[in-house]
Amino acid sequence: MSSEDSPVDATDAMPARTLPSPPVNAAGVLGLHPPLLRKQSSPMMPPFMVSAPGKVIVYGEHAVVHGKAAIAAAISLRSYLHVSFLSKSHRTVTLLFPDIQMEHTWSLDHLPWAAFSAPGKKKYYYDLVTSLDPDLLDALGSHIDAVSPKAPESIRKIHHASARSFLYLFLSLASRKTAPCTYTLRSTIPIGAGLGSSASISVCISAALLLQIRALSGPHQDQPATECELQIERINRWAFVGEMCIHGNPSGVDNTVSAGGKAVLFQRKDYNRPPVVTPLHSFPELPLLLVNTRQSRSTALEVAKVATLRSAHPALTENILHAIGQVTESAHELLTSKKFDPTSPIALKHLGDLITINHGLLVSLGVSHPKLERIRELIDHTGIGWTKLTGAGGGGCAITILKPQPTTVTNGHGNGTHHDSSSDESDSSSEADCSASIISTSTKLKHKILDNLEAKLENEGFDKFETTLAGDGVGVLWPAVLHNGNEEEGGEEIDSEKFLKAEGTEGVERLVGVASTRKKRTEIEVREGWKFWRPWEGGLPQIY
């Protein structure tokens, strides 16, 4: 593997960062016997970053519990993991997760390496791990208990789950000789909203550790699609292990979407066997409106609601679940058709209509919520897109696939058929012009509608995100330097201090070189550095 092919090998030529000299003690200041100051060693490698997306269920939630297929897709809200290396003398590993107020440092020498390297226990980067080893979990006990001992029990539970996932992966993939590191996590994905935030983080940790042990190749120019898929699968396998540490028995769909990007068809007919997960590389990248109700919900409770309804009204409920399954099948047939044109307004309307139908069926199952219906009412009034709840329902989030152009509002409702001609841009353009604007529709009219909608949603306590559906999966920035041509010579380094100080979603995205959905298309500045495995394009990595 050449240095051009691997981001790891490329670091050999990078200058090492030096740490500040230790302060002189009182004896030195007073001119007594000067202390023997040991020269500080330098970090082994420069810092690097990895990133992975969240996900939404586009079609098929709840029916998927009963053996039907569902489609899940990546969104451009992402988690970011910054890895910085300390000098050899530190002998510590630190996990910083400011979004959940978690910070802990472990001594590398005191971690239970012997348990994880014992005969029959040692795992390798290419292994397929389908269950957690109870002996290894027991070995982590005291190291997890030491995390956040004074925090409230509800917070401590979250911190311990994060620590368990991190340490299990770290001890499985790293070794006693691992360089001292600080792992800093930031996420732009709302936590606890059913958007796969924990899977995104697990993918980040998995990818970072596999990069450190040189078990990944690329992403690099002209990397074959099959090699891309192998690297993604390697990351995904270990991300699933991290998810098991948090959720016990996860489906695997969240980490699969987060690692590979785009979308997947997911089906589990027999719970005694692994689910069937089929990548959908043809799913078009679309502008998406995501609205968080900020209403807590329980997936188990919503699933139980449907089970109770099915018991009371078996024939009716089965028909509804079957209809939801048919929605997913219809979307899948379109996306996999040889005639599928991702830029066609007709194809987009087909996908949008299925969104509307799917939501209506979920409402009939009783898994919506007044807040979700209020969001749908506000968005439908604008005629700007097709809206449905996503995930278990009962709260959580709603998603809207935006139409190529806004529709007029008639009697308080968007009729979905007429284009508004009030914009001073070409909002009354032909279908051919409309076709060219499916991916990017930055008309002044649409911006005005979105701004007004944002104000209404905010006034009612909702959080709105303008994001993208079916984009990239796991990405790498090695080293953690962005090149924009007009700042620091050689590029702008993202250090841990800058990363920690970035404020909110916008601050994090600005620092890591990600423009918002609206600004991305008109941004003059190009910030290069991030690379992604993209098997749907023959392995050619996207760089921005």
Side-chain angles (χ1 to χ4, degrees), residues 55-75 194 196 251-254 256-257 260-286 288 299 302-303 306-307 309-310 313-368 376 385-393 398-401 403 416 438 469-470 536:
K55 73 91 182 62
V56 292
I57 302 294
V58 188
Y59 306 105
E61 47 269 274
H62 284 287
V64 72
V65 177
H66 299 276
K68 315 297 183 184
I71 292 177
I75 55 176
S251 67
V253 65
D254 287 12
T256 300
V257 173
K262 281 294 183 179
V264 299
L265 182 75
F266 174 83
Q267 188 169 20
R268 193 173 211 166
K269 294 183 177 180
D270 183 352
Y271 274 79
N272 293 318
R273 296 182 178 181
V276 177
V277 181
T278 307
L280 295 175
H281 293 159
S282 58
F283 204 112
E285 187 173 333
L286 298 170
L288 185 78
T299 297
E302 299 305 317
V303 169
V306 177
L309 188 68
R310 193 183 188 200
H313 307 281
L316 284 172
T317 306
E318 190 58 41
N319 282 338
I320 296 170
L321 294 172
H322 179 69
I324 294 176
Q326 286 183 310
V327 166
T328 303
E329 289 177 12
S330 180
H332 182 245
E333 287 176 7
L334 173 66
L335 292 166
T336 55
S337 169
K338 292 182 179 180
K339 296 181 180 179
F340 174 61
D341 179 3
T343 66
S344 165
I346 296 174
L348 180 60
K349 186 177 186 304
H350 183 111
L351 294 175
D353 287 343
L354 292 176
I355 288 284
T356 303
I357 295 168
N358 199 160
H359 180 80
L361 293 167
L362 290 169
V363 170
S364 68
L365 289 176
V367 296
S368 189
R376 191 173 65 88
W386 301 276
T387 303
K388 66 179 283 290
L389 68 83
T390 183
I399 58 172
T400 301
I401 292 180
K403 295 178 179 179
I438 283 182
L469 185 67
W536 56 87

Given Phe266 and Val276, is the side chain to side chain contact (heavy atoms under 4.5 Å, CB included) satisfied, shown in steps? CA-CA 6 Å; Phe266 174 83; Val276 177; over 6 Å; no
Spell out, as yes or no, whether a donor-acceptor pair under 3.5 Å connects the side chain of Lys55 to the backbone of Gly194. yes
Whether Thr390 side chain and Ile57 backbone form a donor-acceptor pair below 3.5 Å: yes
How many angstroms lie between CG in Asp341 and CD1 in Ile346, if you round to the nearest 0.5 Å? 9.5 Å
For Val58 against Ala73, the heavy-atom pair lying closest together: CG2-CB, 3.8 Å
Shortest non-hydrogen contact from Tyr59 to Leu354? CE2-CB, 3.5 Å
Side chain of Thr328, backbone of Ala70: donor and acceptor closer than 3.5 Å? no
Do Ser344 and Lys349 touch side chain to side chain, with heavy atoms closer than 4.5 Å? no
Can you see which heavy atom on Ala63 is nearest to which on Ile324, and at what distance? CB-CG2, 3.5 Å
Who pairs with Arg268 by salt bridge (charged side-chain N to carboxylate O under 4.0 Å, His left out), at least two apart in sequence or on another chain? none
Is the shortest side-chain heavy-atom distance between His359 and Ser368 below 4.5 Å? yes
Does a side-chain N-to-carboxylate-O contact under 4.0 Å join Lys388 and Glu61? yes
Can you tell if the side chain of Leu335 reaches within under 4.5 Å of the side chain of Pro284, non-hydrogen atoms only? yes
4.5 Å side-chain heavy-atom contact, Val277 and Val253: no
Taking atom CD of Glu329 and atom CG of Leu265, what is their separation to the nearest 0.5 Å? 9.0 Å
Check whether any side-chain heavy atom of His62 sits under 4.5 Å from a side-chain heavy atom of Val303, and report yes or no. yes
Closest approach of Gly366 to Glu302 (non-hydrogen atoms, all atoms of both residues): O-OE1, 4.3 Å
Within the distance-only criterion (no hydrogens, no angle test), does the side chain of Lys262 pair as donor or acceptor with the backbone N or O of Phe283 below 3.5 angstrom? yes
Starting at CD1 of Ile71, measure out to CG of Leu351 and round the result to the nearest 0.5 Å. 8.5 Å
Inter-residue atom distance Ile355.CD1 - Ile401.CD1, 0.5 Å rounding: 4.0 Å
Is there a side-chain hydrogen bond (donor to acceptor under 3.5 Å, both in side chains) between Thr278 and His332? Walk through the geometry before answering. CA-CA 11 Å; Thr278 307; His332 182 245; over 6 Å; no
How far apart are the closest heavy atoms of Thr336 and Ser282, and which atoms are they? N-OG, 4.4 Å
To the closest 0.5 Å, what do you measure between OG1 (Thr356) and CZ (Arg376)? 8.0 Å
With side chains defined as the heavy atoms from C-beta onward, is the minimum distance between Val327 and Leu361 less than 4.5 Å? yes
Partner of Trp386 under side-chain contact (heavy atoms from CB on, under 4.5 Å), picked from Leu348, Asn358, Ile357, Thr400, is Leu348
Side chain to side chain, Ile75 and Leu288, heavy atoms closer than 4.5 Å: yes
CG of Leu365 to CZ of Arg310: how many Å apart, nearest 0.5 Å? 11.0 Å
Do NZ/NE/NH1/NH2 and the carboxylate oxygens of Glu333 and Lys339 come within less than 4.0 Å? no
